[in-house]
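Structure, as structure tokens:
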Amino acid sequence: MRLKKWPEPFTAFTAAAPVILTLILGYAGAMLGRWVHLPVPALLGSAIFLSLLSFSPLPLRIPDLLRNIGFTILGCSMGSGISREMLALLGNWPLSLFGLTVTVIVMMLLCSALLRHFFAMSPTTALLASTPGGLSMVVALGEARGADLRAVLVLQSVRLILVMAVLPLVITGLDAHVVTAFAPPVTLEPVWILLLPLLAFVLGNVLEWLRVPAAYLLAGLILSGSGHVGEVLHGNLPTQLINFGFVVIGCLVGSRLKGLRWPELKHFALAAVLSVTLSSLISALAAVLVAYWLALPFGQVWVAYSPGGIEAMAALALALRYDPAYTAAHHLFRIIGLTLILPWFVGRVYGRAGGEGQEEV
């Protein structure tokens with residue numbers, strides 16, 4: 001007996017249903033975030049709500065295409081904040097990047113020491129779990145070096161979610177002048193609302209083919225920033241479109257815990273919280289010094305120095321109205337530096353972790 005084949009429209013709907021459900025829940029989280037007065041509710045509300053729902057049986061999913069569209073939208077929005085006056089401050093960036101380099105080194109050494117001595121992790125596992133950003137590179141390196149990937153994935157995922165959830169609350173508490181409600185005064189002309197994201201998406205595909213980190217975010221930032229500096233573009237994308245980008249990124253971050261088991265999360269929860277707290281304190285102390293030294297806003301430097309992914313931190317900087325080019329440049333510098341140096345460092349200093357013993361849950 002032949003099984004009846006489902007019609008194509010039904011198959012397409014079943015494939016799209018988890019994505020639609022995820023977006024609906026993301027917008028519900030954004031509404032809850034606005035109701036409880038979270039800063040950046042579209043981003044944080046969706047991320048926190050989806051993080052909680054990740055342990056439910058609900059099928060949560062953000063496909064790569066939608067993820068790339070979200071990054072492109074936010075990149076275009078970030079570029080609208082770039083001006084000629086802002087570019088005049090580029091002379092301060094080398095000193096700030098030097099401060100970031102020192103901060104990342106101290107952060108990784110101290111956090112990996114914490115995980116080794118108090119949670120009995122192998123040196124390679126502890127180092128990779130303490131690496132701020134570049135998850136795909138960290139996982140690939142962990143597989144090659146025999147690290148405990150469960151520990152690395154849990155600590156990396158929890159770190160990003162905690163940083164995104166707590167950092168805006170602390171910054172807005174310390175700085176009453178931070179603007180968290182995104183309401184751009186000028187909207188781009190209708191033709192550019194469609195054309196700018198489309199061109200940025202095409203450029204993002206080219207940059208991704210060239211293996212440039214955060215390709216779609218940077219594509220939007222480059223095209224939009226160039227257009228605003230050259231005074232070809234005037235204004236930003238519509239607020240509804242920007243909030244859509246925030247919700248997509250919030251859903252993406254929140255659903256990263258999907259597939260993790262409660263025993264795994266509980267086993268590594270204390271390690272994750274302590275390592276995130278230590279790394280955040282280190283980045284905050286460095287941000288205080290650099291902000292005072294270069295006369296920059298403390299919150300802006302802290303977001304640029306925080307141990308989160310470039311896309312999430314750039315979106316956070318955009319929502320908090322900080323210099324988007326400064327934030328993206330610092331996180332890109334960190335990711336490129338880690339990509340080039342970390343494999344050599346792990347192999348040269350730590351060697352292979354396979355013979356050191358794996359942690360058991």
Side-chain angles (χ1 to χ4, degrees), residues 44 47-48 51-52 54-55 100-135 137-139 141-142 145 147-171 173-174 253-254 256-257 259-289 298-299 301-309 312-313 316 331 334 338 342 345-346 349-350 353 356-361:
L44 297 187
I48 295 173
S51 299
L52 298 175
S54 290
F55 296 96
L100 173 64
T101 303
V102 175
T103 302
V104 169
I105 293 173
V106 173
M107 187 187 303
M108 291 177 63
L109 291 177
L110 292 183
C111 288
S112 61
L114 170 73
L115 297 176
R116 289 199 318 271
H117 294 300
F118 293 97
F119 296 95
M121 293 186 185
S122 70
T124 304
T125 299
L127 180 70
L128 295 179
S130 304
T131 301
L135 182 60
M137 179 266 296
V138 166
V139 170
L141 192 56
R145 295 294 181 182
D148 184 351
L149 290 181
R150 294 171 302 173
V152 173
L153 285 171
V154 172
L155 268 70
Q156 289 275 359
S157 300
V158 173
R159 186 200 73 239
L160 179 57
I161 292 171
L162 287 179
V163 168
M164 282 191 61
V166 176
L167 191 64
L169 297 174
V170 176
I171 289 177
L174 294 175
V253 171
R256 285 181 65 172
L257 294 181
L260 292 176
R261 295 177 299 159
W262 272 112
E264 290 178 328
L265 184 62
K266 289 190 294 184
H267 180 78
F268 296 114
L270 181 59
V273 171
L274 290 180
S275 62
V276 168
T277 301
L278 179 58
S279 60
S280 297
L281 289 175
I282 294 170
S283 61
L285 177 60
V288 169
L289 298 175
F298 162 71
V301 181
W302 196 14
V303 171
Y305 279 27
S306 292
M313 292 298 100
L316 192 57
H331 282 282
R334 171 172 53 80
L338 288 173
L342 190 62
F345 184 78
V346 170
V349 178
Y350 288 96
E356 300 176 22
Q358 299 288 316
E359 297 81 12
E360 297 291 338
V361 175

Verdict with reasoning, L110 to L114, per side-chain contact (heavy atoms from CB on, under 4.5 Å): CA-CA 6 Å; L110 292 183; L114 170 73; over 6 Å; no
Side-chain heavy-atom pair L115, L274 within 4.5 angstrom cut-off: no
Expected output: side-chain Y305 to main-chain L100 donor-acceptor under 3.5 Å: yes
Polar side chain donor-acceptor pair, S51 to S54, under 3.5 angstrom: no
Residue pair S279 / S130, side-chain heavy-atom distance below 4.5 Å: no
Minimum-distance pair of heavy atoms, taken over all atoms of F298 and A287: CE1-CB, 3.7 Å
Inter-residue atom distance R116.CZ - T125.OG1, 0.5 Å rounding: 11.0 Å
Residue pair T124 / L128, side-chain heavy-atom distance below 4.5 Å: yes
Within-4.5 Å side-chain heavy-atom neighbours: R334 and T103: no
OG-CG distance between S112 and L127, expressed to the nearest 0.5 angstrom: 5.5 Å
Verdict with reasoning, W302 to V288, per side-chain contact (heavy atoms from CB on, under 4.5 Å): CA-CA 8 Å; W302 196 14; V288 169; over 6 Å; no
Nearest-0.5 Å distance, CE of residue M107 to CG of residue L281: 10.0 Å
Minimum heavy-atom distance between S275 and L155, given as atom pair plus value: OG-CD2, 4.2 Å
Spacing of S280 atom OG and L285 atom CG [to the nearest 0.5 Å]: 12.5 Å
